[in-house]
Amino acid sequence: MKIYIVEDNQDHLLSLVKKSEDLGYQVTGYSSRAMGALEKIEELKPEIFLIDIHLNGDNDGILLARQIRRQFGADAVIIFTTALSTEEVMTKAFGTDPDGYLVKPIKTSDLKVVIELALFRKKSPDREMEDADIPQETEYITVRTGFKLRNIAFDDIELLKTDQKNYVTLFTSDERKYTIRKSMKALLDHVLPNAFIQVHRHFIINIKFVKFISEREQQIEMVSGKEVPIGRTFKKELYDRLNLV
């Protein structure tokens, strides 16, 4: 398969080219800048893209990934390469729906695993293999925060919100938030315990954190003061769960 690399550090670029070729991939081209790379990509038509997030100190790699995703769609395998980035930058990067990311310096073994896993996901679109590790019969969820794994107890989760497909932001009672790659449906069907209920197409709440419901405004006020709208199609199930009399 053909790989295109976007990397502005010459040492990292040469290393990625060699490692990719050692793994049997064909490096069809490379660029040190996002500007102009898209034209080469259109001509070469690679299947896999290794893109440095920070090109010349900016987040141009994220912008390029968005363009590639718009032009080539879900079939393009986009893998970000990065030195340590802030959580804010990584959240923006995840918004492009990447297929993986690698931390520099990149080991050949890590490059192999990330590419093969990404390709496997493309071949198995119905298989749930996402960035939330859910142990069975536990009282917590394990999420990635930057480059660390963190356990969060279900009892500490106040609500969950989604703004885009397959990405959910989890809000905890201590005012922290975490972005995970998981669909709302997958969370409700396979992960979250009975205390959680979907009340709107963008919101899931933990019933224990409900302060009151405003029937006039059709919204829920949580213990933290957050206001959550009630969707018309979710209202009956919510009221049934609250044992309204």
Side-chain angles (χ1 to χ4, degrees), residues 66 69-70 73-74 78 87-88 90-101 117-118 120-122 124-146 149-211 213-214 217-242 244:
R66 286 176 183 159
R69 187 62 78 201
R70 281 197 296 267
I78 297 175
E87 186 171 343
E88 179 182 1
M90 293 309 296
T91 299
K92 290 180 180 178
F94 290 150
T96 66
D97 195 21
D99 298 285
Y101 66 88
L117 180 57
F120 179 76
R121 284 172 172 166
K122 297 298 182 185
S124 307
D126 296 328
R127 185 182 177 96
E128 292 279 351
M129 295 184 65
E130 305 180 57
D131 290 328
D133 183 13
I134 317 300
Q136 298 297 312
E137 300 181 359
T138 65
E139 297 179 352
Y140 61 86
I141 183 173
T142 304
V143 302
R144 286 185 174 87
T145 60
L149 297 177
R150 183 184 299 273
N151 289 342
I152 303 173
F154 289 130
D155 285 345
D156 293 333
I157 300 173
E158 183 180 40
L159 62 89
L160 302 97
K161 179 183 178 183
T162 182
D163 292 314
Q164 54 185 312
K165 183 179 178 181
N166 293 334
Y167 284 91
V168 175
T169 302
L170 180 157
F171 295 84
T172 61
S173 57
D174 59 356
E175 298 298 316
R176 295 176 182 268
K177 61 181 182 179
Y178 307 90
T179 299
I180 59 176
R181 189 181 181 189
K182 200 81 175 173
S183 68
M184 297 277 272
K185 184 178 187 305
L187 286 169
L188 282 172
D189 290 350
H190 305 296
V191 179
L192 298 172
N194 195 50
F196 290 85
I197 181 172
Q198 186 166 4
V199 296
H200 186 273
R201 64 191 182 96
H202 291 303
F203 289 93
I204 295 173
I205 64 166
N206 186 340
I207 290 177
K208 65 175 282 188
F209 287 102
V210 173
K211 186 175 182 181
I213 294 176
S214 172
E217 303 296 334
Q218 285 298 289
Q219 68 183 20
I220 302 165
E221 180 162 331
M222 307 299 287
V223 171
S224 66
K226 293 183 179 68
E227 296 176 343
V228 179
I230 301 173
R232 184 179 301 175
T233 58
F234 301 96
K235 181 177 178 180
K236 183 179 185 305
E237 183 179 356
L238 171 64
Y239 276 40
D240 289 345
R241 293 279 292 278
L242 291 173
L244 183 65

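Residues: numbered from 1 along the sequence shown. Every value quoted in this text rests on a predicted model; they were computed, and no experiment measured them.
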> Establish, for the pair Lys235 and Tyr239, whether the NZ or CZ atom is under 6.0 angstrom from the six-membered ring centre and no further than 45 degrees off its axis.
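Pair Lys235/Tyr239 counts as cation-pi.
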> Looking at CD1 of Ile204 and CG of Leu170, how far apart are the two atoms once the value is rounded to the nearest 0.5 Å?
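Nearest 0.5 Å value for the CD1-CG distance: 9.5 Å.
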> Which donor-acceptor pairs under 3.5 Å do the side chains of residues 149-159 make with protein atoms, sequence neighbours left out?
| unit_1 | atom_1 | unit_2 | atom_2 | d |
| --- | --- | --- | --- | --- |
| Asn151 | OD1 | Thr142 | OG1 | 2.7 |
| Glu158 | OE1 | Ser224 | OG | 2.9 |
| Glu158 | OE2 | Ser224 | N | 3.2 |
| Glu158 | OE2 | Ser224 | OG | 2.9 |

> A side-chain contact here means heavy atoms from C-beta on lying under 4.5 Å apart; do Val168 and Lys161 qualify?
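Side chain of Val168 against side chain of Lys161, heavy atoms only: no contact under 4.5 Å found.
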> As an exercise, state the distance from CD of Gln198 to CG of Leu187, rounded to the nearest 0.5 Å.
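The CD atom of Gln198 sits 10.0 Å away from the CG atom of Leu187.
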> What closest approach, in Å, do Glu227 and Pro229 show between heavy atoms, and which atom pair accounts for it?
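Smallest interatomic distance, heavy atoms only, reads O-CD, 4.1 Å.
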> Identify the two heavy atoms, one from Arg201 and one from Phe234, that lie closest to each other, and give their separation to 0.1 Å.
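Heavy atoms only, the tightest pair is N-CE1, 3.5 Å.
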> Can you name the ring-ring contact (aromatic ring centres under 6.0 Å, His included) partners of Phe196, sequence neighbours left out?
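So Phe196 forms no ring-ring contact (aromatic ring centres under 6.0 Å, His included) with any residue.
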> Check whether any side-chain heavy atom of Thr179 sits under 4.5 Å from a side-chain heavy atom of Tyr167, and report yes or no.
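They are in contact (side-chain heavy atoms under 4.5 Å apart), so the answer is yes.
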> If I take atom NZ from residue Lys182 and atom CD1 from residue Ile141, how far apart are they, to the nearest 0.5 angstrom?
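Going from NZ on Lys182 over to CD1 on Ile141, the span is 8.0 Å.
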> State which residues pass side-chain contact (heavy atoms from CB on, under 4.5 Å) with Asp174; sequence neighbours excluded, sorted by chain then number.
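In terms of side-chain contact (heavy atoms from CB on, under 4.5 Å), with neighbours along the sequence ignored, Asp174 is linked to Thr172, Arg176.
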> For residues His200 and Ile230, report the shortest heavy-atom separation together with the two atoms involved.
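Residues His200 and Ile230, closest heavy atoms: CD2-C, 4.4 Å.
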> Between Val223 and Val210, is any pair of side-chain heavy atoms under 4.5 Å apart?
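A side-chain contact under 4.5 Å is absent here.
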> Compare every heavy atom of Asn206 with every heavy atom of Met222, then report the nearest pair and how far apart it is.
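Scanning both residues completely, I find the closest heavy atoms to be CE-O, 3.9 Å.
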> When rounded to the nearest 0.5 angstrom, what is the spacing between CZ in Phe209 and CZ in Phe171?
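That separation rounds to 13.5 Å.
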> Can you tell me if Lys226 has over 12 outside heavy atoms packed within less than 6.0 Å of its NZ?
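Yes.
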> Any chance you could measure Asp189, atom CG, to Ser183, atom OG, to the nearest 0.5 Å?
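Separation between the atoms: 8.0 Å.
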> Is the shortest side-chain heavy-atom distance between Thr169 and Thr162 below 4.5 Å?
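The answer is no; the side chains never approach within 4.5 Å.
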> With a 4.5 Å cut-off on side-chain heavy atoms, are Glu237 and Ile197 touching?
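Sidechains of Glu237 and Ile197: in contact.
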